[in-house]
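Shown next, in C-alpha cells, is the structure this report addresses.
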Amino acid sequence: MNDTRQVAKGLIGKLLVREYDGRRLSGIIVEVEAYRGFDDTASHAHKGLTERCKVMFGDAGHVYVYLTYGVHFMLNLVTEKKYFPSAVLVRAIEPKEGVEDMFKNRNVEVKYDLTNGPGKLTKALNIKKNLNGKSITSRKSLWVEKIDISKDFIIESAPRIGIDYAEERSRNQKWRFFIKGNKYVSK
DNA sequence: GTGAGGATGCACT
DNA sequence: GTGCATCCTCACG
C-alpha cells in the first residue's frame, strides 16, 4: 500500500484528529484527492522542487499545508518514497469530536457546512501554515487514527476538482475518492 | 523588484 | 451561474 492512490482510498473512513490548546477535534475523512509524481501536471510538484512544495519531496507521513487564493489553507498528507513528490489532499471530513469548537472557528449555521470542502475543514480545525512540514507519526497537533466504523460504505472515484490548468491526461485521472452518498462530501 | 494567478468559498444576480 | 476577496509563491529580469 505505498501507491498514493491506495493510500488515498485507505484514508477514507479514518479519523483525522487535530489537537490544539488542549482541545481535541476530529472528523471522519470522507473525501480525498491523490497528487502523484512529476508527470501529474495538476500537482504543485510537476515543475520540480520549489520552496513551497518541497515537503512533497520529503518522507511520507508529513503534512503539506499551503495557502490558495490568498484565503484558504489546504491540508495534504505526503506519501510515497523520498524524492517522489506525492500527497493526498484531504477535501472533506464528517465532524465527530469538538463540533462546538468547529462552529466557533467557522461562521456557519448548519453542521454539514462545517467541513464539506478543503478550505472549510482547515478553518474548522484551525489548521494553518504553521503545521506545514510537521509529522503525523508523532501524534501531536495532527494525526490519523483507525476507528471502528461500519465498513458499510462505497468508495466512489472521479476526476479531481479545480485543476483546469492541468493537461488533459492529468485532468482525466480519476484520483478523487469519496464516500458515496455522504452528505459531508464537497459540492 | 514586479506581476500574474491559484488543488476555494461565499455573496450576489 | 458569475464575480471577487486576498496574499503568497513563482518566474522572469
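Residue numbering restarts at 1 for every chain, and letters A, B, ... go by the order of the sequence lines.
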Task: ring pair (Phe, Tyr, Trp, His ring centres under 6.0 Å) pairs, two or more places apart, involving residues 128-172 of chain A - done: none
TODO: Strictly below 4.0 Å, heavy-atom distances to any atom of DNA chain B: list the hits from residues 163-187 of chain A, or just say none.
DONE: A/Ile163, A/Tyr165
Open item on the list: Checking A/Met56 against A/Ser43 for the side-chain contact (heavy atoms from CB on, under 4.5 Å) test, could you report, in this order, the C-alpha distance in whole Å, the side-chain angles of both residues, the deciding distance, and whether it holds?
Closed with: CA-CA 10 Å; A/Met56 287 181 77; A/Ser43 169; 3.5 Å; yes
- [ ] For atom CG of A/Asn130, decide whether the heavy atoms of other residues, nucleotides or ligands shown that lie under 6.0 angstrom number more than 12.
- [x] yes
Open item on the list: Treating A/Asn132 as the side-chain partner and A/Val65 as the backbone partner, does any N or O pair qualify as donor plus acceptor under 3.5 Å?
Closed with: yes
TODO: Sort and list the pairs that fulfil side-chain hydrogen bond (donor to acceptor under 3.5 Å, both in side chains) and have at least one residue in residues 55-75 of chain A, not counting sequence neighbours.
DONE: A/His44-A/Tyr64
- [ ] Give a yes/no verdict on a cation-pi contact between A/Arg160 and A/Phe177, requiring under 6.0 Å between NZ or CZ and the six-membered ring centre and an angle within 45° of the axis.
- [x] no
Open item on the list: Whether the A/Glu94 and A/Thr115 side chains hold a donor-acceptor pair (N or O, under 3.5 Å, no angle test) is what I'd like checked.
Closed with: no
Task: Over-ring placement of A/Arg176 relative to A/Phe178, 6.0 Å and 45° cut-offs - done: yes
TODO: Check the side chains of A/Thr41 and A/Glu167 for a donor-acceptor pair under 3.5 angstrom, ignoring hydrogens and angles.
DONE: no
- [ ] Give me the one residue out of A/Ile93, A/Leu75, A/Asn105, A/Asp101 that meets side-chain contact (heavy atoms from CB on, under 4.5 Å) with A/Leu125.
- [x] A/Ile93
TODO: Ignoring hydrogens and angles, state whether a donor on the side chain of A/Glu80 or A/Thr4 is under 3.5 Å from an acceptor on the partner side chain.
DONE: yes
TODO: Please figure out whether A/Ala42 or A/Lys120 has its closest DNA chain B nucleotide nearer the 5' end.
DONE: A/Ala42
- [ ] Sticking with atom P, work out how far C/dT6 lies from B/dT2, rounded to a whole angstrom.
- [x] 23 Å
Task: Involving DNA chain B, stems made of at least three consecutive Watson-Crick or G-U pairs, both distances under 3.5 Å - done: B:1-6 with C:7-12, B:8-12 with C:1-5
TODO: Tell me whether the guanidinium CZ or amine NZ of A/Lys81 lies under 6.0 angstrom from the six-membered ring centre of A/Phe84 and within 45° of its axis.
DONE: yes
TODO: Sugar-phosphate atoms are those with a prime plus P, OP1 and OP2; base atoms are the rest. Using that split, label each nucleotide of nucleotides 6-13 of chain C B, S or - for protein heavy atoms under 4.0 Å, 5' to 3'.
DONE: BBSSSS--
Open item on the list: Test salt bridge (charged side-chain N to carboxylate O under 4.0 Å, His left out) on A/Glu19 and A/Arg24; report intermediate values, then the result.
Closed with: CA-CA 5 Å; A/Glu19 211 168 62; A/Arg24 182 181 152 114; 5.2 Å; no
Task: DNA chain B: 5'-most and 3'-most nucleotides touching chain A, 4.0 angstrom heavy-atom criterion - done: B/dG6 to B/dC10
